[in-house]
Amino acid sequence: MRETTTAIAIGGFDGMHIGHQALFRELGENGSIVVIETGYANLSPNGQRARYTHYPIEYLELDDIRHLDAEGFIALLKEKFPQLQKIVVGYDFHFGKDRKYSFDDLKKLFDGEVVVVDEVKHNNDSVHSHKIRHKLTIGDIKGANEFLGHNYTIVGEKEQGQGLGSRELVATININAREFLMPKEGVYVTLTRIDENEHYHPSVSFVGHRVSTDGSYAVESHILDGEVLCHESAEISFVSFLRENKKFDDLGALKEQIQKDIAQANKELKRLQL
């Protein structure tokens, strides 16, 4: 792909949100995405960015390029992409030691086209990954999803739960997704995909400490359209925030609340036709 790439978009691209997608629309047929990997990506870690684009992605570690001056950075890009004709960046793009260089330096030194994409706004609010992180931490799932342009989704390997759910409450699939930013503790309306199957199941998911039982932290999902066996991994796609995490006096009260959660989630998913 490097040999045929004529245009690249450069950035961190954590989340692959609607602002990032505005850059990708400038790439054309033979485009590629160059991700500057800082090690702090928690909206789309570990190659998850690829799920939100059809363009090939090249990862550059920040520590490997941060020492470069503008000439050295452009030389590196041209070495990796010998047919490079266009570089696409955002209005706030900076690079090099202490973020010294900007798109102005690219325009001066690159012998091809440099496209600078203006600030992208949603409801008059500029779209940035840090704002999406904030929305998730306060439980504003719908706001985060609007900025993302897709449902916030986490992926993790199956892990053993308490076993209490299937015996006393409702059966859940437990996953380890610690490399992702966890939304605010609570209960969510979700869609869950099991073992990379194509089908997304309507679900209710819990994120947080099990304050009514053993106090451990859990990410678990209850499938609403029948019991589904999970062998290896699951993917939870967040639709909306349902309620706060709270402590119940006994398992009977917790089970009663869970049934209310299920009814409310079914109602909302039916309304959204998901």
Side-chain angles (χ1 to χ4, degrees), residues 1-2 5-62 65-66 73 76-77 80-81 84-96 99 101-107 110 112-137 140-155 177 179-181 183 235 237-239:
M1 286 298 183
R2 287 182 179 183
T5 294
T6 58
I8 60 172
I10 312 173
F13 301 132
D14 188 21
M16 303 291 276
H17 58 58
I18 60 175
H20 300 148
Q21 298 296 330
L23 274 69
F24 306 155
R25 286 194 291 271
E26 299 288 339
L27 287 175
E29 183 177 350
N30 295 315
S32 292
I33 295 169
V34 176
V35 170
I36 308 299
E37 185 61 87
T38 63
Y40 298 110
N42 57 7
L43 300 177
S44 50
N46 293 338
Q48 290 296 315
R49 295 174 180 87
R51 68 186 297 146
Y52 303 111
T53 183
H54 68 278
Y55 288 110
I57 300 177
E58 175 89 14
Y59 289 87
L60 296 179
E61 294 293 333
L62 178 61
I65 64 171
R66 67 194 320 159
F73 183 60
L76 174 66
L77 295 176
K80 288 183 176 294
F81 305 100
L84 186 61
Q85 300 169 17
K86 181 197 288 188
I87 296 175
V88 182
V89 295
Y91 72 99
D92 56 352
F93 176 74
H94 289 82
F95 65 99
R99 293 170 55 84
Y101 304 102
S102 72
F103 61 79
D104 285 326
D105 299 283
L106 292 179
K107 286 184 173 181
F110 179 58
E113 181 183 6
V114 176
V115 176
V116 181
V117 175
D118 289 336
E119 181 180 37
V120 173
K121 291 186 176 183
H122 178 73
N123 292 334
N124 288 321
D125 190 6
S126 59
V127 177
H128 294 282
S129 296
H130 70 87
K131 291 184 178 181
I132 295 169
R133 292 187 186 96
H134 175 68
K135 289 177 183 293
L136 292 171
T137 58
D140 182 12
I141 293 296
K142 291 183 177 180
N145 289 346
E146 288 177 3
F147 270 29
L148 285 166
H150 53 260
N151 287 348
Y152 181 59
T153 301
I154 63 174
V155 182
E179 290 169 326
F180 287 83
L181 175 67
E235 173 183 308
S237 177
F238 293 85
V239 176

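One-based numbering along the sequence shown.
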Would you confirm whether [X], through its side chain, and [Y], through its main-chain N or O, come within 3.5 Å as a donor-acceptor pair?
X	Y	value
H128	H130	no
T5	A7	no
S129	D14	yes
E58	S32	no
K86	E26	yes
Y55	A9	no

Sub-4.5 Å side-chain heavy-atom contact between F81 and T6: no
Are side-chain heavy atoms of Y152 and I132 found at a separation under 4.5 Å? no
Donor-acceptor list for residues 116-124 side chains, cut-off 3.5 Å, not counting sequence neighbours:
{"unit_1": "E119", "atom_1": "OE2", "unit_2": "S126", "atom_2": "OG", "d": "3.4"}
{"unit_1": "H122", "atom_1": "NE2", "unit_2": "E146", "atom_2": "OE1", "d": "2.9"}

Basic-acidic side-chain contact under 4.0 Å: R49, E37: yes
Under a 4.0 Å threshold between the charged nitrogen and the carboxylate oxygen, would E235 count as salt-bridged to R51? yes
May I have the step-by-step check of side-chain hydrogen bond (donor to acceptor under 3.5 Å, both in side chains) for N46 and E179, ending in yes or no? CA-CA 8 Å; N46 293 338; E179 290 169 326; 2.3 Å; yes
Is the NZ or CZ atom of K135 both under 6.0 Å from the centre of the six-membered ring of F147 and within 45° of that ring's axis? yes
F103 versus V89, closest heavy-atom pair with distance: CB-CG2, 3.9 Å
When every non-hydrogen atom of G90 is compared with those of L23, the smallest separation belongs to N-CD2, 3.6 Å
A quick test of your reading: do over 12 heavy atoms of other residues, nucleotides or ligands sit less than 6.0 Å from NE2 of H134? no
Centre-to-centre under 6.0 Å for Y52 and H150, is that the case here? yes
Y91 ring center within less than 6.0 Å of F93 ring center: no
